[in-house]
Amino acid sequence: MLAAVLAGCSPEPPDPPLTRSDLVIRLFEGLQKKDFKAALEQCSKLRAIGVYSNGFAEFEDSIRYNYCVAEAQRLLDAGDPQGARAFLDDAMRQSLNNQRLKSQLAELDKVVVLEKQVTQLRTAATPEAQREALQALQQLLRTYPPGEIFREEMRRMEAELEKPAPAAAEASAPAAP
């Protein structure tokens, strides 16, 4: 390599600069793969070469929003609602209180409350505590239609609560002659 430098030749020529069409192609490839972070990088490169308009800014904001929602969902799927909340809070600070992100934060807060209520229902120690948790969950679901995913859990718990306890069932059974 030293000989190549001394001879004035570099071992590898630098990559040619990317053209606008190359960047646009990479941008849409990122979007097709749902790789919003890569798409945002291409947007940044396009802005650096002078591609900018109000329409492009709105397009970039949409990509940024999709990236934020996808990342928050990934954190939720990994069981980290606090991480999802922190990520969206940070994104809000960077996006100057984007209304769509505010909406996602409100949605996330509702999901966290529902999840806590379902956990309380599952871990209730007494039938009375289960009934109270079930009623609270039913009330929450009236105000949050996407919470329907918890309906099956509620039906199962309601059925269990309606069954008589084994000791009570034996006590109410007629005595054998």
Side-chain angles (χ1 to χ4, degrees), residues 1-122 136-137 139-154:
M1 182 160 147
L2 182 57
V5 171
L6 291 175
C9 299
S10 66
E12 294 179 25
D15 290 334
L18 294 173
T19 66
R20 182 182 302 204
S21 59
D22 291 332
L23 293 171
V24 170
I25 289 169
R26 287 183 178 188
L27 167 63
F28 283 100
E29 285 174 347
L31 291 174
Q32 281 181 323
K33 295 175 187 173
K34 296 190 185 303
D35 186 350
F36 300 113
K37 194 171 185 177
L40 285 170
E41 289 171 12
Q42 300 313 309
C43 286
S44 177
K45 290 176 182 178
L46 282 163
R47 271 189 285 108
I49 63 169
V51 175
Y52 193 78
S53 69
N54 287 340
F56 183 77
E58 290 174 13
F59 180 60
E60 186 176 13
D61 282 346
S62 290
I63 295 169
R64 188 171 289 108
Y65 170 77
N66 288 332
Y67 166 68
C68 291
V69 170
E71 184 62 19
Q73 185 64 54
R74 185 191 66 75
L75 290 165
L76 277 175
D77 292 346
D80 187 5
Q82 292 83 13
R85 172 77 176 163
F87 179 81
L88 288 176
D89 280 337
D90 187 49
M92 281 287 293
R93 280 190 293 281
Q94 293 176 19
S95 295
L96 304 174
N97 294 323
N98 181 303
Q99 288 301 316
R100 291 187 301 173
L101 287 177
K102 276 186 183 178
S103 164
Q104 290 302 312
L105 278 169
E107 197 79 9
L108 176 61
D109 290 342
K110 289 176 186 176
V111 169
V112 168
V113 168
L114 275 171
E115 183 180 49
K116 285 179 183 176
Q117 196 61 47
V118 168
T119 300
Q120 192 173 12
L121 177 61
R122 288 177 179 156
L137 183 59
Q139 181 62 34
L140 283 170
L141 289 177
R142 284 187 202 104
T143 62
Y144 186 64
E148 286 294 317
I149 60 171
F150 297 113
R151 283 270 184 230
E152 190 57 39
E153 179 82 13
M154 286 177 43

Please determine if [X] and [Y] form a salt bridge, counting it only when a charged side-chain N lies under 4.0 Å from a carboxylate O.
X: R85; Y: D89; value: yes
X: R74; Y: E71; value: yes
X: R64; Y: E60; value: yes

Could you tell me the separation between the [atom1] atom of [X] and the [atom2] atom of [Y], rounded to the nearest 0.5 Å?
X: Q42; Y: D22; atom1: CD; atom2: CG; value: 9.5 Å
X: L101; Y: L105; atom1: CG; atom2: CG; value: 7.0 Å
X: M92; Y: C68; atom1: CE; atom2: SG; value: 10.0 Å
X: L40; Y: D61; atom1: CG; atom2: CG; value: 9.5 Å
X: I49; Y: S44; atom1: CD1; atom2: OG; value: 11.0 Å
X: L88; Y: N98; atom1: CG; atom2: CG; value: 10.5 Å

Of the non-hydrogen atoms in [X] and [Y], which two are nearest, and what is the gap between them?
X: D80; Y: G83; result: OD1-N, 2.7 Å
X: A39; Y: L31; result: CB-CD2, 3.9 Å
X: V112; Y: P81; result: CG2-CB, 3.8 Å

(request) Apply ring pair (Phe, Tyr, Trp, His ring centres under 6.0 Å) to Y65 and list each qualifying residue two or more places apart in sequence or on a separate chain. (result) none
(message) Quick one, K116 and T119 - any side-chain contact, counting heavy atoms below 4.5 Å?
(response)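 No, too far: nothing below the 4.5 Å cut-off.
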(message) Is the shortest side-chain heavy-atom distance between V24 and V51 below 4.5 Å?
(response) no
(message) Quick one: does any side-chain atom of N66 pair with a main-chain N or O of S62 as donor and acceptor, under 3.5 Å?
(response) yes
(request) Consider only side-chain N and O atoms of D77 and Q73, and report whether a donor and an acceptor are under 3.5 Å apart. (result) yes
(request) May I have the step-by-step check of side-chain contact (heavy atoms from CB on, under 4.5 Å) for F87 and L108, ending in yes or no? (result) CA-CA 11 Å; F87 179 81; L108 176 61; over 6 Å; no
